[in-house]
**Q** 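Take this structure first; my questions come after.
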Amino acid sequence: MERRKQDALFFPRVWLYARTGSGHRAVAEQQLAELREWATCNGYSIVGQSCECADSFWRPGLFAMLRAVRRGDVDTIAITRLSRLSRRKRKLSKILAILQLHDVTLIATEMNLRYQLYLYGLKGISVS
């Protein structure tokens, strides 16, 4: 059975994404555990999750998440804070553009997303 986005609104499909640049796997695993708890408490259906411990270009978890977004398998991306996607403004704006193009909601659980966008100089990006 194929699920369309309109049908999934009662149980929005969420992808959980955690990353740390420090290389400490336990930190990223803790972020992921917090995101899992948040998703469960808020009634989301977890369709995927990624956990990465590197600050390099090759980030297979991010690429898997973006593939799921492009396929239409995800309604929401949950992160702890915006810097988990990228600390570089240019890369972050490209990721946010992909999410907007596919009508995917981005949720930051630890900080106000509008404020974080302002700090990155991306205040023109619309968030829901």
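These figures come from a predicted structure and were not determined experimentally.
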**Q** State which residues pass side-chain hydrogen bond (donor to acceptor under 3.5 Å, both in side chains) with R71; sequence neighbours excluded, sorted by chain then number.
**A** D73
**Q** Nearest 0.5 Å please: distance from the CZ atom of R13 over to the CD1 atom of I77.
**A** 11.0 Å
**Q** Who pairs with E34 by side-chain hydrogen bond (donor to acceptor under 3.5 Å, both in side chains), at least two apart in sequence or on another chain?
**A** Q30
**Q** With the side chain counted from C-beta on, respond yes when I79 and T109 share a heavy-atom pair under 4.5 Å apart, and no when they do not.
**A** no
**Q** Which atom names give the shortest non-hydrogen contact between P12 and G43, and what distance separates them?
**A** CD-O, 4.0 Å
**Q** Please enumerate all residues that pass side-chain hydrogen bond (donor to acceptor under 3.5 Å, both in side chains) together with T76, with sequence neighbours excluded.
**A** none
**Q** Suppose we screen for side chain to side chain contact (heavy atoms under 4.5 Å, CB included). Which residues come up paired with A78, at least two apart in sequence or across chains?
**A** V14, L16, L35, W38
**Q** Are the side chain of Q49 and the backbone N or O of L32 linked by a donor-acceptor pair below 3.5 Å?
**A** no
**Q** For the NE2 atom of H102 and the CZ atom of R70, what is their distance to the nearest 0.5 Å?
**A** 6.0 Å
**Q** Supply the atom-to-atom distance R84 CZ to E110 CD, rounded to the nearest 0.5 angstrom.
**A** 9.0 Å
**Q** Give, for atom CG of D103 and atom CG of D75, the distance between the pair rounded to the nearest 0.5 Å.
**A** 8.5 Å
**Q** Could you report the tightest heavy-atom contact between W15 and A68, atom names first, then the distance?
**A** CZ3-CB, 3.7 Å
**Q** Going hydrophobic residue to hydrophobic residue with side-chain gaps under 4.5 angstrom, can you get from V27 over to L62?
**A** no
**Q** Between A108 and R81, which heavy-atom pair has the shortest distance, and what is it?
**A** CB-CA, 4.2 Å
**Q** Who are the side-chain hydrogen bond (donor to acceptor under 3.5 Å, both in side chains) partners of E52, not counting sequence neighbours?
**A** Y17
**Q** Around atom CD of E29, are there more than 12 heavy atoms from other residues, nucleotides or ligands closer than 6.0 Å?
**A** yes
**Q** What's the shortest heavy-atom distance between S50 and G61, and which atoms?
**A** OG-O, 2.9 Å
**Q** Please name all residues satisfying side chain to side chain contact (heavy atoms under 4.5 Å, CB included) with A33, sequence neighbours left out, ordered by chain then number.
**A** R36
**Q** Using side-chain heavy atoms (C-beta onward) and a distance below 4.5 Å, is L85 in contact with L106?
**A** yes
**Q** Can you name the nearest heavy-atom pair linking C51 to R25, along with the distance?
**A** O-NH1, 3.4 Å
**Q** Roughly how far apart are L96 CG and L101 CG, rounded to 0.5 Å?
**A** 12.5 Å
**Q** With rounding to the nearest 0.5 angstrom, report the CE to CZ distance, M65 to R59.
**A** 8.0 Å
